[in-house]
Each structure stands twice: as structure tokens, then as C-alpha cells.
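Below, each value reflects all heavy atoms present in this structure, side chains not excepted, and no hydrogens, waters or symmetry copies.
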Amino acid sequence: MPAPGVTLPFPRQAPDQVAPSSVINDMMTELEWLDGFVSVELGAVVTRSSAQSIPTAVQTFTNFTTVEYDPWGMVNLSADSRVVTIGGDGIYAVFAYGQFAQNATGARIIAVDNNLTQYGSVGCTMEVPVQPSGAFTTLAASGTGLLAGGTRVSLVAYQDSGGALNFSSARLAIFRIALNH
């Protein structure tokens with residue numbers, strides 16, 4: 001939990017929305033579940049395997065280093081390594097994942113951001129108050145949202161341990177699952 005008097009930058013999640021007991025190792029598994037129900041028309045997957053330092057109490061955009069999947073050209077890491085640019089209007093499924101260095105103090109939050117300004121605005125936020133054992137260092141969040149073409153989507157990491165923590169194994173997967181008619 002944050003220190004007394006500290007307000008977290010994201011809305012709190014209901015207890016049934018906190019970290020799952022098992023970690024989602026492959027976001028594509030959830031997309032495969034959708035297969036047969038929807039037609040995936042646009043999508044991209046970006047990752048970061050190396051550590052990125054996240055200052056305490058600062059909402060920090062993940063700088064991705066690898067494009068795993070992008071047949072529609074939604075990612076340009078050399079122009080801006082923080083964003084996936086939505087290719088067309090529609091309803092999108094978004095999957096986010098990241099791992100914080102172990103530390104028993106403070107909360108950990110990941111959120112999917114809209115246009116580098118509205119934290120958690122895409123409907124994917126995962127907040128976990130850290131237990132004294134330092135558990136729950138790995139977070140996964142997913143959701144769906146109506147997004148306009150040209151919207152820039154990012155993964156935000158936040159922690160309030162009192163010092164910088166490394167954030168790694170980050171993944172952002174986003175796929176259009178329906179057109180907006």
C-alpha cells in the first residue's frame with residue numbers, strides 16, 4: 001500500500017481484479033482464445049527484455065526494444081519506442097505485462113495509456129499492493145477499448161518503493177477485434 005497521505009495516480013482496482021495466481025507468460029494465448037469469435041485485422045506486439053529503471057512515484061513510459069509482430073506497420077521504434085499507433089478505428093483487445101525487481105515496500109502498477117497523457121485510459125490497469133514478502137512483482141493486465149486510428153498506445157509503469165526499481169520483461173500486445181460501425 002502507498003504511504004499514508006499518498007494518492008496513487010491510477011484508480012484502485014476491486015479485490016477480484018488484482019494479480020492472478022499464475023502469471024500470463026504469453027499474451028498470444030489470450031488472443032488465441034478469441035480465434036473463431038472475432039477476426040483479427042490489425043495488431044502489433046512490442047517487448048522489452050532488458051531492465052528499465054522506474055523512479056519512485058513517477059509514472060514512466062516503457063521504452064520498447066523489440067517488435068515481435070507488426071505486419072501492418074503500427075510500430076516505429078526509431079521514431080518513438082514508447083508507442084504503438086492504432087492503424088484504424090475499432091474495438092481493440094489490449095494485453096500488457098511487466099516485471100518489477102523484488103522489493104517489499106510500496107505498490108506496483110502497470111497501465112495502458114492513450115496518447116501519452118491519459119494514464120490507464122485504455123481500460124487496462126493492474127495495481128498490486130506489495131506484500132511484506134515482496135511478492136507480486138509480475139503484473140499482467142488486459143481489457144478492450146474503442147480506439148480511433150492514429151491513437152498512440154503505451155505501457156506505463158509506476159511504483160512507490162522509495163527508490164528506483166528495475167522494470168523488465170515488458171510486453172504490450174494490441175489487436176483490433178471489431179470495426180467501429
- [ ] Take Leu172 and Thr62 through the side-chain contact (heavy atoms from CB on, under 4.5 Å) test and state the conclusion after the steps.
- [x] CA-CA 10 Å; Leu172 178 62; Thr62 304; over 6 Å; no
Open item on the list: Between Tyr97 and Ile110, is the side-chain contact (heavy atoms from CB on, under 4.5 Å) condition met? List the steps.
Closed with: CA-CA 8 Å; Tyr97 173 92; Ile110 62 171; 5.7 Å; no
TODO: Take Arg108 and Thr137 through the side-chain contact (heavy atoms from CB on, under 4.5 Å) test and state the conclusion after the steps.
DONE: CA-CA 7 Å; Arg108 310 292 178 265; Thr137 58; 5.7 Å; no
- [ ] Just do the side-chain contact (heavy atoms from CB on, under 4.5 Å) check on Asn103 and Gln159 with the steps written out, would you?
- [x] CA-CA 10 Å; Asn103 182 302; Gln159 59 85 20; over 6 Å; no
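Under the 3.5 Å distance criterion, the side-chain polar atoms of Asn166 are left unmatched by any main-chain donor or acceptor of Ala51. The backbone N or O of Gly149 sits less than 3.5 Å from a side-chain atom of Asp89, completing a donor-acceptor pair.
The hydrophobic clustering, which links ILVMFWY residues whose side-chain heavy atoms are closer than 4.5 Å, places Val58 and Leu116 apart. Taking hydrophobic clusters as Ile, Leu, Val, Met, Phe, Trp and Tyr residues chained together by side-chain heavy-atom distances below 4.5 Å, Val156 does not share a cluster with Leu165.
When every heavy atom of Gly87 is checked against every heavy atom of Leu42, the shortest pair comes out as C-CD1, 3.7 Å. Asn63 approaches Ser81 most closely through the heavy-atom pair OD1-OG, 3.2 Å. Nearest heavy-atom pair, Pro71 versus Gly43, reported as atom, atom and distance to 0.1 Å: CD-O, 4.1 Å. Contact detail for Met74 and Ile86: the closest heavy-atom pair is CE-CA, 4.0 Å. The nearest pair of heavy atoms linking Ser168 to Ser49 is CB-O, 3.6 Å. Minimum interatomic distance between Leu155 and Phe64 (heavy atoms only, all atoms of both residues): CB-CZ, 3.8 Å.
Interatomic distance, Leu139 CG to Ile109 CD1, rounded to the nearest 0.5 Å: 9.0 Å. With rounding to the nearest 0.5 Å, the separation of CZ in Phe100 from OH in Tyr158 is 10.5 Å. In this structure, the separation between OG1 on Thr65 and CZ on Arg48 is 6.0 Å, given to the nearest 0.5 Å. Here the straight-line distance linking atom CG of Asn76 with atom OG1 of Thr85 works out to 8.0 Å at 0.5 Å rounding. Expressed to the nearest 0.5 Å, how far CZ of Phe175 lies from CD1 of Ile177 amounts to 11.0 Å.
At a threshold of 4.5 Å between non-hydrogen side-chain atoms, the residues Phe95 and Val45 do not count as touching. With a 4.5 Å cut-off on side-chain heavy atoms, Thr60 and Pro55 count as touching. When side chains are defined from C-beta on, Val112 does not count as touching Ile174, because their heavy atoms never get closer than 4.5 Å.
Under the 4.0 Å criterion applied to side-chain N and carboxylate O atoms, Arg82 and Asp113 are not assigned as salt-bridge partners.
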